Amino acid sequence: MRHSSDDLPVALYSAAQVRALDAELIAAGTPGFALMQRAAHAIWRALRRSWPDAGAVTVLAGHGNNAGDGYLLAVLAVRAGWQVRVLAVAEPQRLQGDAALARDEALAAGVEVLAWEAGHEARGVLVDALLGTGLAGAVREPYAAAIEWMNHSARPVLAVDIPSGICADTGQVLGVAVAAQLTVTLIGLKVGLFVGQALDHVGRLLFDDLQSNVANQSWVAQRLAGDVLPHLPARAPTAHKGQLGHVLVVGGDHGTGGAALLSAHSALRSGAGRVSLATRGEHLAAAQSRLPEVMSLAVASANQLHGLGGNITVWVVGPGLGQSAWGRSLLSVAVTAPAAQVWDADALNLLAEGVVSIPPGSVVTPHPGEAARLLGISTQALQADRPAAARALAQRYQVICVLKGAGTLIADPMGCLLVCDRGDPVMAGAGLGDVLAGLIGALIAQGCTPWQAAGLGVWLHAGAGEYLAGKGNGLAASDLCDAIRHLLQERAACRK
Ligand SMILES: NC(=O)C1=CN([C@@H]2O[C@H](COP(=O)(O)OP(=O)(O)OC[C@H]3O[C@@H](n4cnc5c(N)ncnc54)[C@H](O)[C@@H]3O)[C@@H](O)[C@H]2O)[C@H](O)CC1
Ligand SMILES: [K+]
């Protein structure tokens, strides 16, 4: 699944911030019940547009305001002549405030309200109004059983605000979560809709701000949207390679030369003026025949690398580097170089071991396993709160951290966070990280700051994956390079 992100805003909020926005709106004179009515209208519009001929809807209702939205939706559906049933997972008498008013309105409108039981038939479109931003801790019974029931119903599911069971801050499944075809989220986009396991649960995403005008509020993260990313400076007619940076890729120990070659290929195709590769001698013949444009050097010891330093703009260190004495010694030269640094793969494993310190302001591109090692936590703990992990890494090492995986995150040491909502499962394959590291290096070489290069690089990389997804699985990492080149050209063309 992917989100339909074209017309979504870029600002992402925490659950607490959305609750605060909600409270501010109410304090400013819009009654909570009016917001709930607007929410119901937004959900009903989305439901009718997505399933115009369904004719029947079953609302699964909890006992918070998320349920209130569901009860008012039921009113709209029954008025439109649809068959409507609310299955109340918590006793309807537990509802309070606006949610209780919504329940009363539904009963007055003639909506059938029954206590949920596993034996009920699932009719029409299922509306998940069990748990929203008020979810706290692992989903308890009978909510968990009702969520399983929905997931096994083989009916289309529309989630109100957020699929029940997904944490609005981290995107993690808290025990069990609704797998929706469509989520209609309200007031502000929650960061948890875009990261972690949420990507398997949200389905298509629609947004309605309920006219809350949240644009000026502070947010916790931003969607990585094409229109806020930098463009590479246009090349002057007299441009020459010396102005477009020199990327040095360092890596490729015994048996892992392909990773370094992929990074170098990627840097070349992404427009770096010059690309060099420092690798084991055994990879030289392959490098020279596959990438004749790249200056490939056999490096047996750290001393040989010292001599290269002077004219390099960006070091991309780590693809296939290994963790032997050879890799360690090359990495210890890299840290002394007066140039930008992009560290990937084994450079990060060596960093986690404390072999070297990384220069502040560098870019690191860990996958979850590498990131967990850097933080000294389990991969499971890391995945449970990816935004927090990306921020912690950026702060601990004073670097730009690109935490890879579906919903790649980019964090800086100040706590700024970007979330990539592009990409495709065809990208789950070997070598794609090597391509990303080379791409980010090439963007820095051409004048982007490390932060800009990380954002633009992740966006182009994921966009290239989407672009090639139609061709099916079996994507080779090197295929991405031409697609990235094409997308870079498209961005340049848009600008004219
Ligand atoms: N005017 C408004 O307030 C609007 C709210 N909107 C919707 O409201 C929800 C948020 O509502 P809230 O009442 O804060 O919380 P929930 O409905 O998500 O649920 C809280 C309810 O659930 C119980 N609970 C919490 N954790 C668990 C758990 N792990 N297992 C089982 N039960 C749990 C808890 O006891 C609470 O009573 C928001 O998402 C919107 O959908 C609208 O946006 C309109 C305006
Ligand atoms: K929900």
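Numbering of ligands and ligand atoms starts at 1, following listing order. Quick caveat, the model's predicted, so the values are computed rather than measured.
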Practice item. Please confirm if an N, O or S atom belonging to L131, backbone or side chain, lies less than 3.4 Å from the K ion (ligand 2). Key: yes
Exercise for review: Of the side chain and backbone of A138, name the one, both, or neither that has a heavy atom under 4.0 Å from an atom of ligand 1.
Suggested key: backbone
Exercise for review: State the CG-CG distance between L393 and L409, to the nearest 0.5 angstrom.
Suggested key: 11.0 Å
Practice item. Looking only at protein heavy atoms, identify the closest one to atom 10 (C) of ligand 1 and say how far it is in Å. Key: T133 OG1, 3.3 Å
Review point. Does the pair D346 and N349 meet the rule for a side-chain hydrogen bond (donor to acceptor under 3.5 Å, both in side chains), with working shown?
Key: CA-CA 5 Å; D346 282 322; N349 292 327; 3.0 Å; yes
Exercise for review: Note the single closest protein heavy atom to atom 26 (N) of ligand 1, along with its residue, its atom name and the distance in Å.
Suggested key: A136 N, 2.9 Å
Practice item. Would you mind running through ligand 1 and noting each atom that sits below 4.0 Å from a heavy atom of V139? Key: 29 (N), 30 (N)
Review point. Which is it for D69 and ligand 1 at heavy atoms under 4.0 Å: side chain, backbone, both or neither?
Key: side chain
Check your understanding: Between G137 and ligand 1, does any nitrogen or oxygen pair lie at a separation below 3.5 Å?
Key -> yes
Point to revise | Ionic contact status for R45 with D208, cut-off 4.0 Å | key: yes
Study note, to complete from the structure: For atom 12 (P) of ligand 1, the closest protein heavy atom turns out to be N65 N, 3.8 Å
Exercise for review: Among all protein heavy atoms, pick the one closest to atom 36 (C) of ligand 1 and tell me residue, atom and distance.
Suggested key: H63 NE2, 4.1 Å
Exercise for review: Check whether NZ of the Lys or CZ of the Arg R79 lies under 6.0 Å from the centre of the six-membered ring of W44 and within 45 degrees of that ring's axis.
Suggested key: no
Exercise for review: Among all protein heavy atoms, pick the one closest to atom 22 (O) of ligand 1 and tell me residue, atom and distance.
Suggested key: L131 CD2, 3.4 Å
Review point. Heavy atom of G62 under 4.0 Å from ligand 1?
Key: no
Study note, to complete from the structure: Here the atoms of ligand 1 under 4.0 Å from any heavy atom belonging to G132 are 16 (P), 18 (O), 39 (O)
**Study point:** V160 atom O and I162 atom O as seen from the K ion (ligand 2), angle to 10 degrees
**Key:** 70°
Revision key, fill the gap. The protein heavy atom nearest to atom 33 (C) of ligand 1 is R140 NH2, 3.4 Å
Point to revise | Test log, rule side chain to side chain contact (heavy atoms under 4.5 Å, CB included), inputs Y71 and V113 | key: CA-CA 9 Å; Y71 277 104; V113 179; 4.0 Å; yes
Review point. Near D161, which atoms of ligand 1 are under 4.0 Å from a heavy atom of that residue?
Key: 38 (C), 39 (O), 40 (C), 41 (O)
Review point. When you look at T58 and R155, which way does the side-chain hydrogen bond (donor to acceptor under 3.5 Å, both in side chains) test go after all the steps?
Key: CA-CA 10 Å; T58 304; R155 291 276 163 201; over 6 Å; no
Check your understanding: Should the ring pair Y143 and H63 be called parallel, tilted or perpendicular, given that the plane angle runs from 0 to 90° and is split at 30 and 60?
Key -> tilted
Practice item. Could you tell me which non-hydrogen atom of D98 sits nearest to which non-hydrogen atom of N65, and how far apart they are? Key: CB-OD1, 4.2 Å
Check your understanding: At the K ion (ligand 2), what is the angle formed between atom OD1 of N66 and atom O of D128, rounded to the nearest 10°?
Key -> 80°
Practice item. Using distance alone, with no hydrogens and no angle criterion, decide if H120 and E117 have a side-chain donor and acceptor under 3.5 Å apart. Key: no
Point to revise | Side-chain touch V458/L418, heavy atoms, less than 4.5 angstrom | key: no
Review point. Going by distance only, is there an N or O of V160 that falls short of 3.5 Å from an N or O of ligand 1?
Key: no
Exercise for review: Please say whether more than 12 non-hydrogen atoms of neighbouring residues, nucleotides or ligands are located less than 6.0 Å from CD in Q452.
Suggested key: yes
Check your understanding: Under 4.0 Å from any heavy atom of L186, which atoms of ligand 1 are there?
Key -> 43 (O)
Check your understanding: Quick one: which of G134, A102, A67 has a heavy atom closest to atom 15 (O) of ligand 1?
Key -> G134
**Study point:** Heteroatom proximity flag, Y143 to ligand 1, N/O under 3.5 Å
**Key:** no
Review point. Short list, please: which atoms of ligand 1 are under 4.0 Å from a heavy atom of G32?
Key: 1 (N)
Check your understanding: Quick one: are I187 and D209 in side-chain contact, heavy atoms under 4.5 Å?
Key -> no
**Study point:** Distance-only donor-acceptor check, side chains D169 and S14, under 3.5 Å
**Key:** no
Review point. Is N66 touching ligand 1 with its side chain, its backbone, both, or neither, if touching means heavy atoms under 4.0 Å apart?
Key: both
Review point. Is there a side-chain contact between W149 and L87 (heavy atoms, below 4.5 Å)?
Key: yes
Point to revise | Closest protein heavy atom (residue, atom, distance) for atom 4 (C) of ligand 1 | key: D22 OD1, 3.5 Å
